[in-house]
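Here the structure comes first, spelled out in structure tokens, and everything after it is commentary.
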Amino acid sequence: MTTATPLSNNTQLSGNVTTKSQEQSLYQSSGAIVAAIVVGVIIIFTVVLLTLKTYNRRMRVRRELEPKPPKALLPPPLGHNSLCQPPTVTFIPVDIHLHDR
């Protein structure tokens with residue numbers, strides 16, 4: 001009877017070893033998954049950053065190369081329109097009286 005007891009302990013021990021090794025492999029694989037996700041996010045962030053940088057550079061070059069509108073189309077400043085009639089402001093006073101009820 002004493003020989004049966006160590007066998008059951010050995011089977012329980014080997015069962016614990018297999019569950020521990022499965023847990024360790026799960027932890028290791030989950031760590032690898034997290035690392036892969038982090039690397040993927042960094043790669044995506046880098047690609048977006050480089051794309052925006054390239055787009056910004058292209059748009060700046062396009063803005064610099066396109067012809068600028070002539071300044072004659074812009075209206076003259078307000079201080080230099082002595083040839084034109086100056087604008088007039090008409091003030092119409094309004095009587096403000098509250099009617100008593």
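Numbers for residues simply follow the sequence, beginning at 1.
Distance CD1/Ile33 to CG/Leu26: 9.5 Å, rounded to 0.5 Å. To the nearest 0.5 Å, the span separating CD on Gln28 from CD on Gln24 amounts to 6.5 Å. Put simply, CD1 on Ile37 and CD1 on Ile42 are 12.5 Å apart, with the number rounded to the nearest 0.5 Å.
Grouping Ile, Leu, Val, Met, Phe, Trp and Tyr by side-chain contacts under 4.5 Å, direct or through others, leaves Leu50 on its own. Hydrophobic side-chain contacts under 4.5 Å tie Tyr55 into a cluster, directly or through other members, with Met59.
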